[in-house]
Structures are given as C-alpha cells and as structure tokens.
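Before any comments, here is the structure.
In what follows, chains carry the letters A, B, and so on, assigned in the order in which the sequence lines appear, proteins first and then strands, with residues in each chain numbered from 1.
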There are 2 protein chains.
Amino acid sequence: MFRAVRKLAHMAAVPVEESEHRSGPLLDHLARRMRLRSESVLAPLGLRPRHLVALTVLRDSEGMSQQGLAGTLQIDGTNVVGLLNDLEAEGLVERRRSPEDRRRHVVSLTGAGAKRLREAECALAVAEDEVLGALEPAERDTLYELLRRASSGRPVSCVEATGDEPDAAC
Amino acid sequence: MFRAVRKLAHMAAVPVEESEHRSGPLLDHLARRMRLRSESVLAPLGLRPRHLVALTVLRDSEGMSQQGLAGTLQIDGTNVVGLLNDLEAEGLVERRRSPEDRRRHVVSLTGAGAKRLREAECALAVAEDEVLGALEPAERDTLYELLRRASSGRPVSCVEATGDEPDAAC
DNA sequence: ACGGATCGTTTGTGTAGCGCCAACCATTTA
DNA sequence: TAAATGGTTGGCGCTACACAAACGATCCGT
C-alpha cells in the first residue's frame with residue numbers, strides 16, 4: 001500500500017494506520033452533530049443554522065451581491081432570496097441597490113444583525129463545548145483558524161478542475 | 001463599526017479573545033461544500049456521503065451494535081437499518097448476531113468494505129483538494145487530526161452538562 | 001434605440017434526508 | 001410468563017434544496 005504520508009514532522013505522531021484517510025467524512029459527521037446541537041440553542045433567537053452561516057459570511061465580507069452570496073454558500077439563487085427575506089424581516093441585514101449596477105442588491109449586516117450574531121455565537125458556545133469536548137481550548141482555536149482560512153478559499157466556481165481527470169492518480 | 005479587532009496585543013498566550021467567533025457555522029459551511037463536491041466523485045462508486053461517514057466510523061470502531069451506530073451518527077435507529085441495508089447489499093459491511101445477546105447485531109467492515117472505503121477516500125482527494133485548497137498539506141493533516149479527535153468524543157448522550165449551566169455566562 | 005443578457009423575485013414542482021409513530025419478530029430479563 | 005429491548009418494516013410528514021418558468025428592472029452591444 002502506498003501511504004500518503006506527507007512529511008508531517010510536526011505534531012504528535014499521526015497514527016496513519018494504513019491508508020488514505022480523508023477529512024471529508026469527519027467534517028460531515030462533526031458538522032452534523034454541531035448542527036443538531038445548535039438548532040436547540042439557536043431556536044430561542046429565531047435563527048436556524050443556515051442563517052448563522054449566512055450572517056457569518058456576511059460579516060466576513062460585507063457588501064456582497066446576492067449571487068455572490070449564492071456562490072459562496074453554494075445554494076441556488078432563489079433560495080438566497082428566501083434566506084435574506086427571513087433575515088431582513090428581522091432587520092438583521094439590509095438590501096440596497098448597488099449604485100454602479102442598479103439591478104444588483106448589495107447585502108450587508110445591520111447593527112442589529114451584528115449584535116444578534118454575537119448573541120448567537122455566544123449561545124453556540126454551549127453546543128460547541130459539547131461537540132468539541134475532546135479538544136483543548138488551544139486546539140479549538142487552531143481548528144477555528146484552519147476552518148476560517150479554508151472557508152475563505154474561492155468557491156470552486158466552475159471549470160477549473162476541468163474534470164475528465166484520470167482521478168486514479170491516488 | 002466595532003468590527004472585532006480589540007486589543008490583541010500584549011500577552012501572546014491567550015489567542016482568541018476578541019469577538020465571539022464560533023466554529024459551528026464554518027464547520028457547517030465547509031462540510032456542505034465538501035459534501036457537494038464529494039457527491040460527484042463518489043457516485044461512480046455507488047456510495048453517497050453518508051455511507052462514507054458510516055464506513056469511516058465503522059473502521060474506527062469495529063464491532064458496534066446498530067444502536068451504537070445510531071448513537072454516534074446521531075440518526076434515528078430506523079434510518080440506520082436502511083443505511084446498513086445499502087452497505088450490506090454491496091457486501092461492504094456484515095451484520096452478525098452478537099453471541100452474548102442474540103438480539104443485537106454486531107456490525108463490521110468486510111474486506112471489500114475496507115477496500116471500497118480506501119478507493120473512495122482516494123477519489124475524495126480530488127474534492128478535498130478543491131475545498132481545502134487554501135490550506136497547506138501540513139495544515140490539512142493537522143485539521144484531519146483535530147477532526148478525528150473531536151469525532152471520537154462520546155456522543156453527548158445525556159446528563160453531563162449537569163453543571164447547572166450558567167449559560168448566559170458569555 | 002432596440003434586443004438580448006443579467007439580477008432579483010415569485011411561484012410551483014420534485015426529490016432526498018430524516019424524525020417519528022406503530023406494528024411485529026426474536027430474544028433477554030425480571 | 002410478562003415486560004423490556006434490538007432490529008425490521010412501512011408509512012406519514014417536514015425541511016432543505018435544486019430546478020424551471022415567467023416577470024420587472026436594468027444594463028449593454030450594435
């Protein structure tokens with residue numbers, strides 16, 4: 001067996017028992033657990049997990065168009081509309097027509113939105129403690145940082161992996 | 001605009017003290033992107049993301065009962081049945097009655113299952129490269145390790161937050 | 001200035017994932 | 001022997017989405 005084994009000279013010896021471990025499934029698993037726990041603590045704030053994701057994205061990059069948002073969230077444009085309707089109805093975000101292109105809506109967090117987001121994040125601490133219970137605080141910070149950096153990568157838009165790849169490369 | 005960035009100077013030790021950033025939304029976001037990309041590369045193998053999650057869990061802890069699995073996956077018992085039906089139909093897992101309690105099914109990965117899992121992980125490398133493109137290989141290893149450790153924490157079963165949670169502490 | 005593209009919006013349809021309930025074996029335990 | 005438990009099946013229902021069509025407002029190329 002060909003083991004991946006990229007030089008991992010840093011942290012405590014990775015177990016790498018045998019094969020090709022990927023983070024995908026773990027990410028999925030953990031995100032699910034987090035989402036389940038989050039729903040309950042978020043409910044009293046009138047938010048659902050996906051709202052939080054949207055708000056978080058908006059805080060990080062103010063002044064996006066809706067299709068920009070659709071791009072980063074990787075959800076259909078029509079669904080963005082509904083999502084923003086929810087948020088705007090509570091005054092958490094604002095849609096303004098772009099001056100340069102008046103077809104476009106520039107979406108941004110309102111003061112109330114930023115406040116609500118902080119409250120939500122605060123409430124989320126509980127859920128996070130449960131789900132990430134196995135990690136030390138410092139490790140959680142590392143995790144956060146890695147996730148943040150990974151998320152800011154461009155949205156993989158379209159043609160670039162140009163498919164048709166032999167993919168057996170591994 | 002109070003955009004985070006409070007005093008972060010003096011005292012290198014305690015890192016994230018600024019705002020209330022939580023990993024939850026990022027985890028959600030990233031997992032979604034990963035899942036979307038994964039579906040396509042997984043399809044030719046006859047697997048879907050959630051199968052991968054199950055297989056991964058099973059590899060890490062062989063010999064679980066189905067309700068144990070339901071616990072770690074945090075999905076309803078009835079859905080575990082269907083999930084395992086899929087996997088067993090392809091000979092990737094095995095259900096055997098437990099000797100100590102013959103009501104119970106002990107689920108384990110077959111040789112074919114382990115093989116398929118490796119192939120899938122191999123195929124996933126493509127998706128992972130796209131989604132985690134912003135991270136260096138070493139960082140991906142760190143991420144993997146953190147996710148793995150976090151996932152192995154017990155499933156939050158029940159009473160344990162018994163700390164009479166102050167909750168509003170934050 | 002006209003026609004075609006583009007952004008946002010509404011409405012409607014379809015599908016997948018999943019919780020939940022109820023009924024039913026086989027088995028274990030009281 | 002009765003009650004509880006693990007697994008299984010079937011059915012109901014909800015939520016999150018994708019996808020398509022049609023429409024107003026706006027931009028842009030010719």
Give each protein N/O atom lying under 3.5 Å from an N/O atom of nucleotides 19-23 of chain C, with the pair distance.
residue	atom	partner	partner atom	Å
C:dG19	OP1	A:Arg32	NH2	2.7
C:dG19	OP1	B:Gln74	O	3.3
C:dG19	OP2	B:Asp76	N	2.7
C:dG19	OP2	B:Asn79	ND2	2.8
C:dC20	N4	B:Thr78	OG1	3.2

Between A:Glu128 and A:Arg37, does any side-chain N to carboxylate O distance fall below 4.0 Å? no
With sequence neighbours left out, write down each residue that passes side chain to side chain contact (heavy atoms under 4.5 Å, CB included) with B:Ser40, or none if nothing qualifies. none
Please state how far atom CG in A:Leu83 lies from atom P in C:dG8, giving the value in whole angstrom units. 14 Å
Reading DNA chain C 5' to 3', what string of ( ), [ ], | and . shows its pairs, if Watson-Crick and G-U wobble pairs count only when both distances fall under 3.5 Å? ||||||||||||||||||||||||||||||
Judged by each residue's nearest nucleotide on DNA chain C, which is more toward the 5′ side, A:Arg104 or A:Val81? A:Arg104
N/O contacts under 3.5 Å, protein versus nucleotides 13-15 of chain C?
none

Does this structure show an ion pair linking B:Arg59 with B:Glu121, if we count only N-O contacts that are shorter than 4.0 Å? yes
Does OP1 or OP2 of C:dT10 have a side-chain N or O of A:Asn85 closer than 4.0 Å? yes
Could you give the CG-to-P distance, from B:Leu87 to D:dG7, as a whole number of Å? 16 Å
Distances under 3.5 Å only, N/O to N/O: pair up the protein atoms with those of nucleotides 27-30 of chain D.
residue	atom	partner	partner atom	Å
D:dC27	OP1	A:Arg102	N	2.8

Under a 3.5 Å threshold, yes or no: a donor from one side chain and an acceptor from the other, between B:Arg140 and A:Ser23? no
Please enumerate all residues that pass salt bridge (Lys or Arg N to Asp or Glu O under 4.0 Å) together with B:Arg102, with sequence neighbours excluded. none
What is the distance, rounded to the nearest whole Å, between atom CZ of A:Arg96 and atom C1' of C:dG8? 17 Å
Just how far is it from atom OG of B:Ser108 to atom CD of B:Glu62, taken to the nearest 0.5 Å? 5.0 Å
If we check side chain to side chain contact (heavy atoms under 4.5 Å, CB included) with A:His51, which of these qualifies: A:Leu42, A:Leu92, A:Leu83? A:Leu83
Rounded distance (nearest 0.5 Å) linking atom OG of A:Ser65 with atom CG of A:Asp101: 9.5 Å
Taking atom P of D:dG7 as reference, at what distance in whole Å does atom CD of B:Gln66 sit? 5 Å
For a side-chain contact (heavy atoms from CB on, under 4.5 Å) check, start with the C-alpha distance between A:Glu90 and A:Leu47, then their side-chain angles and the critical distance, and finish with the verdict. CA-CA 10 Å; A:Glu90 300 222 6; A:Leu47 295 172; 5.7 Å; no
Under 4.0 Å between a side-chain nitrogen and a carboxylate oxygen: does that hold for A:Arg95 and A:Glu88? yes
Taking CZ from A:Arg97 and P from C:dT6, how many angstroms apart are they, rounded to a whole number? 17 Å
Taken to the nearest whole Å, CG/A:Leu69 to P/D:dC17 is 13 Å
For atom CZ of B:Arg95 and atom C1' of C:dC25, their distance in whole Å: 15 Å
4.5 Å side-chain heavy-atom contact, A:Arg32 and A:His29: no
Between P on D:dA18 and CD on B:Glu39, what's the gap in Å once rounded to a whole number? 10 Å
Considering only heavy side-chain atoms of A:Arg48, the closest of D:dT15, D:dT8, C:dC7 is D:dT15
Lys/Arg N to Asp/Glu carboxylate O, A:Arg35 vs A:Glu39, below 4.0 Å: no
Salt-bridge contact B:Arg33-B:Glu130 (side-chain N to carboxylate O under 4.0 Å): no
Is the shortest side-chain N/O distance from A:Gln67 to OP1 or OP2 of C:dC7 below 4.0 Å? yes
For residues B:Asp76 and B:Val80, determine if any side-chain heavy atom of one lies less than 4.5 Å from a side-chain heavy atom of the other. no
